[in-house]
Amino acid sequence: MRDIQMVDLKSQYQFIQKEVAEGMAEVFENTSFINGPMVKAFQSDLEAYLSVKHVIPCANGTDALQIALMGLKLLPGDEVITTDFTFAATVEVISLLKLKPVLVDVDPKTFNIDPAAIEKAITPKTRAIIPVHLFGQCAAMDAISDIAKKHNLFIVEDNAQGIGATYTYANGTKAKTGTLGHVAATSFFPSKNLGAYGDGGAIFTNDDDLAHFIRGIVNHGMYKRYYHDVVGVNSRLDALQAAVLKVKLKYLDFYNERRKEAALSYSNYFKDHPNLIVPFRLGDCKSHVFHQYTLKVVEADRDALVDHLSKNKIPCGIYYPVPLHAQKAYADPHVDSAQFPVTKQLVNQVVSLPMHSELTTDQIDHIAAKVLDFFD
Ligand SMILES: *Cc1c(COP(=O)(O)O)cnc(C)c1O
């Protein structure tokens, strides 16, 4: 059995080595290292895959979120509602732009932003909601879209963990995550479901004017060479990363299927255990692409389980150990932590097991056995 890793990029690479080398060679030959034909080709492949009009590649997922917000022309002090239980980048960009992050609690089953809590947090200054499709599970987009319409708010999806997931609306309409709001951001960090061999990110939108505005922002606010109409940034996807991503995009559905199969195998082991709660799936399991496979440990010592696994050479992760409202950088003395009963509990209960597209049956059986023997 191969060594067990949280993410096994090396095994994945072995299957695509030749195609990646060919793509990279093409970039070396044409020497368009920034933008150029390879980035364009990946961009249009991704537009077709997502059925979205515009993909705007950029340097990383955090930039993608920041640029998406810049595109909406919000003003300092405008409020942006997001989840208390996500990677810090989501709230970091709100603060960097001098907007006001308003954190709200999550649903204990899906770990995603709680629509009822969004509704309660709305004030006359609220301008946007950032739902995160956490761990690969779609946020409750029916309810979130209704709230956004009712209060005339933008929806900015943080799709860094959800690429390839399909959301099914209550009326049966289906669409890919990243196309469900006004604008979306994703990350191509190597460990993400669609990962580069370095940093990368992208913004998605169906709005032509917003796309045009954002294409200028990523390039120093230029719409005509050396004419700077707005204050922009320098955020580009480099062509070598685009070459890798173009190959991996072809396999994204396969990779996500492999993750779902692994999740199903894990859940078969754990679903009846009194101390373990397996990840919830919305009716249609297409809604979850298992960026992480995250268990809740109840009435047992989660940290002792983590120690037990690491003694057995099984890596695992705590995503995330501290709610954002309690992080030093984002703590707000005017906010009462009693508003976040769910995240405060989740940070002590969650544990994420190894999850990637190359997990073998042997590995899953072994990991499951070690998890279960902790409780014996
Ligand atoms: C990874 C991630 C980001 C940031 O992406 P980078 O490419 O690392 O900047 C933002 N939000 C979430 C939820 C993430 O998981």
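Atoms within each ligand, like the ligands themselves, are counted from 1 in listed order. Numbering starts at 1 and runs along the sequence shown.
His291 does not count as a contact of ligand 1, since none of its heavy atoms falls under 4.0 Å from the ligand.
Close contacts of ligand 1 with Ala89, meaning ligand atoms under 4.0 Å from a residue heavy atom, involve 4 (C), 10 (C). For ligand 1, the atoms closer than 4.0 angstrom to any heavy atom of Thr86 are 13 (C). In summary, the atoms of ligand 1 found under 4.0 Å from a heavy atom of Val132, numbered by their order in the structure, are 13 (C). Interface atoms of ligand 1 facing Ser187, defined by a heavy-atom separation under 4.0 Å, are 5 (O), 6 (P), 7 (O).
For Phe375, the CZ atom is densely surrounded, since the number of other residues' heavy atoms within 6.0 Å is greater than 12.
No donor-acceptor pair under 3.5 Å is formed between the side chain of Tyr319 and the backbone N or O of Val351.
In this structure Lys248 satisfies the side chain to side chain donor-acceptor pair (under 3.5 Å) test together with Gln12, sequence neighbours excluded.
Of all protein heavy atoms, the one lying nearest to atom 13 (C) of ligand 1 is Asp158 OD2, 3.4 Å. For atom 9 (O) of ligand 1, the closest heavy atom belonging to the protein is Thr62 OG1, 2.5 Å.
Counting heavy atoms from C-beta on, the side chains of Phe213 and Tyr223 come closer than 4.5 Å.
Between Leu65 and ligand 1, a contact under 3.5 Å exists for no N or O pair. In terms of polar-atom proximity, defined here as any N/O pair under 3.5 Å, Tyr320 makes no such contact with ligand 1.
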